[in-house]
Number of protein chains: 2
Amino acid sequence: MTRTLERRSGEVDPGLASQLRLSIRRLSRRLAIERDPRESLPVNAVAVLGLLHRRGEVALSELSAHERVQPPTMTRIVRCLEDADCVVRRPSPSDGRVTLVSLSPRGRDRLLLHRQLGDAWLSQRLAELAPEERDLLSRAAELLEALSHRD
Amino acid sequence: MTRTLERRSGEVDPGLASQLRLSIRRLSRRLAIERDPRESLPVNAVAVLGLLHRRGEVALSELSAHERVQPPTMTRIVRCLEDADCVVRRPSPSDGRVTLVSLSPRGRDRLLLHRQLGDAWLSQRLAELAPEERDLLSRAAELLEALSHRD
DNA sequence: TATTGTTATACTCTATAACTATA
DNA sequence: TATAGTTATAGAGTATAACAATA
């Protein structure tokens, strides 16, 4: 490590938030544009499949909290997944108000397919970077994910 | 530098694109949710103000290419900015088809205000990070911005 | 009464297609 | 003819408000 040029705590570069915010927004937009037209499911629906894959059976309210959408929006997403036979839904045995959602075998297949299609454009761009740059982005991705969940 | 553990070119971690893509998307969504209600202009309109601030007078077609929206969308954004007295618009003297757009003094004020409001949430989160983490994100932001503009 | 989820409705941002005006 | 921009229209994704069912 070279001599540090870092600011003391509290003295944060005022341009960083702007720069990061705009670059996040722009890449998010670009990713939406470069989405493969064969991807039949909405991005958010694929994200839900991913969550179900990791966590098993999850209550709808938990899905909506995790994806940070309102309950009616999650109802819509889950219905879309149900129509595509990607999830199954059942009332909680312990609380009849709760709807438990879980991945179907077909949903698992679709998740893998969509990941492949969805990652294609970005994978290609990442492959053109230097290995150090990919390492940097890998660590950055963890930080960004954590930031998203901060209160 | 320690001994490298990096992969050879072409051997890119297949999970990186997914991880980065999802974290970008999630943070973008969170930023949208945390937007200050006093921000009266759409995010994209503020981005246009920023571009005009850096570049001066710019043709509408160039704005739409840079923001990666279709021309009708940019027409709408520019009209919104014009209604708010943030930009002025005139036909190009050299080519009557072209509309040149530039920042008004009021637009400049609004840009500064919106940056402040728009960065507030993220600034606060960034301030809670370690200085090294902010450094990392600063470099990542440049990479992300560059990725957005790759063909 | 409070909570979970749904239905009904509306808003925001974007796109495509068809058109006008200028070159 | 080709290009820059606009108008008209539609679609995707989200939200709020009002409601039903369960606790």
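Each chain gets a letter, A, B and so on, in the order the sequences are listed, and its residues count up from 1. We use all heavy atoms of the structure for the numbers below, so side chains are in, but hydrogens, waters and symmetry mates are not.
Of the possible polar contacts, one joining the B:Ser23 side chain to the B:Leu20 backbone as a donor-acceptor pair under 3.5 Å is found.
Projected onto DNA chain C by closest heavy-atom contact, A:Asp95 and A:Arg25 fall at different nucleotides, the more 5' of which corresponds to A:Asp95. In this structure, A:Arg97 and B:Arg29 both approach DNA chain D, and ranking their closest nucleotides by distance from the 5' end singles out B:Arg29.
Atom CZ of A:Arg54 sits in a crowded spot, with more than 12 heavy atoms from other residues, nucleotides or ligands closer than 6.0 Å.
For the segment residues 38-62 of chain B, residues with any heavy atom less than 4.0 angstrom from an atom of DNA chain C are, sorted by number, B:Pro42, B:Asn44. Taking a 4.0 Å limit (strictly below) on heavy-atom distances, residues 114-121 of chain B does not reach DNA chain D anywhere. Of the residues in residues 65-79 of chain A, A:Pro71, A:Pro72, A:Thr75, A:Arg79 come within less than 4.0 Å of DNA chain C through at least one heavy atom, sorted by number.
With salt bridges taken as basic N to acidic carboxylate O contacts below 4.0 Å, one links A:Arg90 and A:Glu57.
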Please tabulate, one pair per line, all N/O donor-acceptor pairs under 3.5 Å involving side-chain atoms of residues 96-103 of chain B, not counting sequence neighbours.
from, atom 1, to, atom 2, distance (Å)
B:Arg97, NE, B:Asp95, OD1, 3.2
B:Arg97, NH2, B:Asp95, OD2, 3.0

Donor-acceptor pairs under 3.5 Å, side chain of residues 136-146 of chain A to any protein atom, not counting sequence neighbours: which ones?
from, atom 1, to, atom 2, distance (Å)
A:Glu145, OE2, A:His149, NE2, 2.9
A:Glu145, OE2, B:Arg26, NE, 2.9

Test log, rule side-chain contact (heavy atoms from CB on, under 4.5 Å), inputs A:Leu112 and A:Gln116: CA-CA 6 Å; A:Leu112 300 180; A:Gln116 212 176 337; 6.0 Å; no
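As judged by a 4.0 angstrom heavy-atom cut-off over every strand, A:Arg89 is placed among residues touching the sugar-phosphate backbone only.
Within the structure, the salt bridge (charged side-chain N to carboxylate O under 4.0 Å, His left out) test picks out the following pairs touching residues 98-122 of chain A (sequence neighbours left out): A:Asp119-B:Arg21. Note on residues 73-114 of chain B: no pairs pass ring-ring contact (aromatic ring centres under 6.0 Å, His included), not counting sequence neighbours. The side-chain hydrogen bond (donor to acceptor under 3.5 Å, both in side chains) contacts involving residues 68-86 of chain B comprise B:Glu82-B:Arg89, where partners must be two or more places apart or lie in separate chains.
Under the side chain to side chain contact (heavy atoms under 4.5 Å, CB included) criterion, B:Arg125 pairs with A:Leu147, A:Arg150, B:Trp121, B:Glu128, sequence neighbours left out. Scanning for side chain to side chain contact (heavy atoms under 4.5 Å, CB included) contacts around B:Pro71 gives B:Ser64, with sequence neighbours left out. Applying the side chain to side chain contact (heavy atoms under 4.5 Å, CB included) criterion to A:Val58, with sequence neighbours excluded, gives A:Leu52, A:Arg55, A:Glu62, A:Leu63.
Between A:Leu126 and A:Leu129 the shortest side-chain heavy-atom distance falls below 4.5 Å.
In 5' to 3' order, the nucleotides of DNA chain C bounding all contacts with chain B (an atom under 4.0 Å from a heavy atom) are C:dC13 to C:dA23.
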